[in-house]
Amino acid sequence: MLLLVSVGCSQPQEHMAAAINPEDSVSMMTSYGVNTLISDSGVIKYRIVTERWEVNTVRQPSRWEFMKGVFFEQFDEQFHVQAYIQADTAWYYDQQRLWKLRGRVNVRNINGLIYTSEELYWDGIRHEFYSTVFSRLVTPERTIEGTYFRSDESMTHYMVTNSEGSFLASDFEKSESAPSDTLTSK
């Protein structure tokens, strides 16, 4: 009888699940079929089109995720398209103002420049693009390929290293060993 009384008077035991870690968090917001305009000081600068947009402020670093691809258009003050960017997958880290674009990354600007790669970073603080994987840059004058790329946001001043491509002889100082029409550099 004493045994039954002691078992019946014991403290109730709480049944708790394991703690949720920040890395196990789910998105704070998920939007589908997004077509939105982004403005800066009241002037529309960009349009973002994506099938799925997830915002997660709990994960560190906090981020936006575009796992179904993303398409950007950049506008001038008269709302004319200046450039577009397209990628299969993208992440935006809001505290660093950094875009990480992966998959089939394509950039095209109003000057006829076409950039393709499997990965591209867009740094909003330094206002530049960069990549450390194979990239192909096509302009109306030439085609350049390399494994390191850095450029300003307008893609008018860029650098490609570890590159190869075709160049006009006028791009280099005259030398006796250079052919007169084109040069190939590796």
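Small disclaimer: the values here were computed from a predicted structure and weren't measured.
A heavy-atom distance below 4.5 Å is not found between the side chains of Leu137 and Thr143. Side-chain atoms of Asn109 and Gln82, non-hydrogen and from C-beta on, never get closer than 4.5 Å to each other. Annotation: side chain of Asp152 is not in contact with side chain of His127 (no heavy-atom distance under 4.5 Å). In this structure, Ile85 and Phe71 have side chains that are not in contact, with every pair of non-hydrogen atoms separated by 4.5 Å or more. Two residues are said to be in side-chain contact when any heavy atoms from C-beta on lie closer than 4.5 Å; Ser117 and Val133 meet this criterion. You'll find the side chain of Ser151 stays beyond 4.5 Å of the side chain of His157, heavy atoms only. Counting heavy atoms from C-beta on, the side chains of His80 and Gln74 never come closer than 4.5 Å. Residues Lys100 and Glu119 meet the side-chain proximity criterion, which asks for heavy atoms closer than 4.5 Å.
The minimum heavy-atom distance between Thr57 and Ser62, with the atom names listed, is CA-CB, 3.6 Å. Contact between Tyr158 and Met155 at its shortest, heavy atoms only, is CD2-O, 3.8 Å. Across Arg63 and Asp94, no two heavy atoms sit closer than the pair N-OD1, 4.3 Å. For Asn111 against Thr156, the heavy-atom pair with the smallest separation is ND2-CG2, 3.9 Å. Heavy atoms only, all atoms of each residue included: Ser131 and Ser135 are closest at OG-OG, 3.7 Å.
Not less than 6.0 angstrom separates the ring centroid of Phe129 from the ring centroid of Tyr115. Taking the six-membered ring wherever Trp is involved, the centroid distance between the rings of Trp122 and Tyr92 does not fall below 6.0 Å. Between Trp91 and Trp64, a ring centre-to-centre spacing not shorter than 6.0 Å is recorded. Remark: aromatic rings of Phe75 and Tyr46 are distant, center separation not under 6.0 Å.
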*Passes salt bridge (Lys or Arg N to Asp or Glu O under 4.0 Å), Asp88 versus Arg104? Steps please.*
CA-CA 6 Å; Asp88 288 341; Arg104 292 171 293 182; 3.0 Å; yes
*Worked verdict on Val107 versus Ile114 for side-chain contact (heavy atoms from CB on, under 4.5 Å)*: CA-CA 6 Å; Val107 179; Ile114 300 170; over 6 Å; no
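For the atom pair Met159 CE and Glu128 CD, the distance stands at 9.0 Å (nearest 0.5 Å). Considering CG of Leu98 and CD1 of Ile125, their distance stands at 8.5 Å, rounded to 0.5 Å. Taking OG1 of Thr161 as the reference point, atom CD1 of Ile144 lies at 11.0 Å (rounded to 0.5 Å).
Under 3.5 Å, the side chains of Thr116 and Asn106 contain no donor-acceptor pair of N or O atoms.
The ring pair (Phe, Tyr, Trp, His ring centres under 6.0 Å) test applied to Tyr121 returns Tyr130, not counting sequence neighbours. For Arg136, the side chain to side chain donor-acceptor pair (under 3.5 Å) criterion is met by Glu145, not counting sequence neighbours.
Each of Phe66, Tyr84, Trp99 was compared with Phe72 under the ring-ring contact (aromatic ring centres under 6.0 Å, His included) criterion, and only Trp99 meets it.
Under the 4.5 Å side-chain heavy-atom criterion for Ile, Leu, Val, Met, Phe, Trp and Tyr, Ile38 and Val55 are members of the same hydrophobic cluster.
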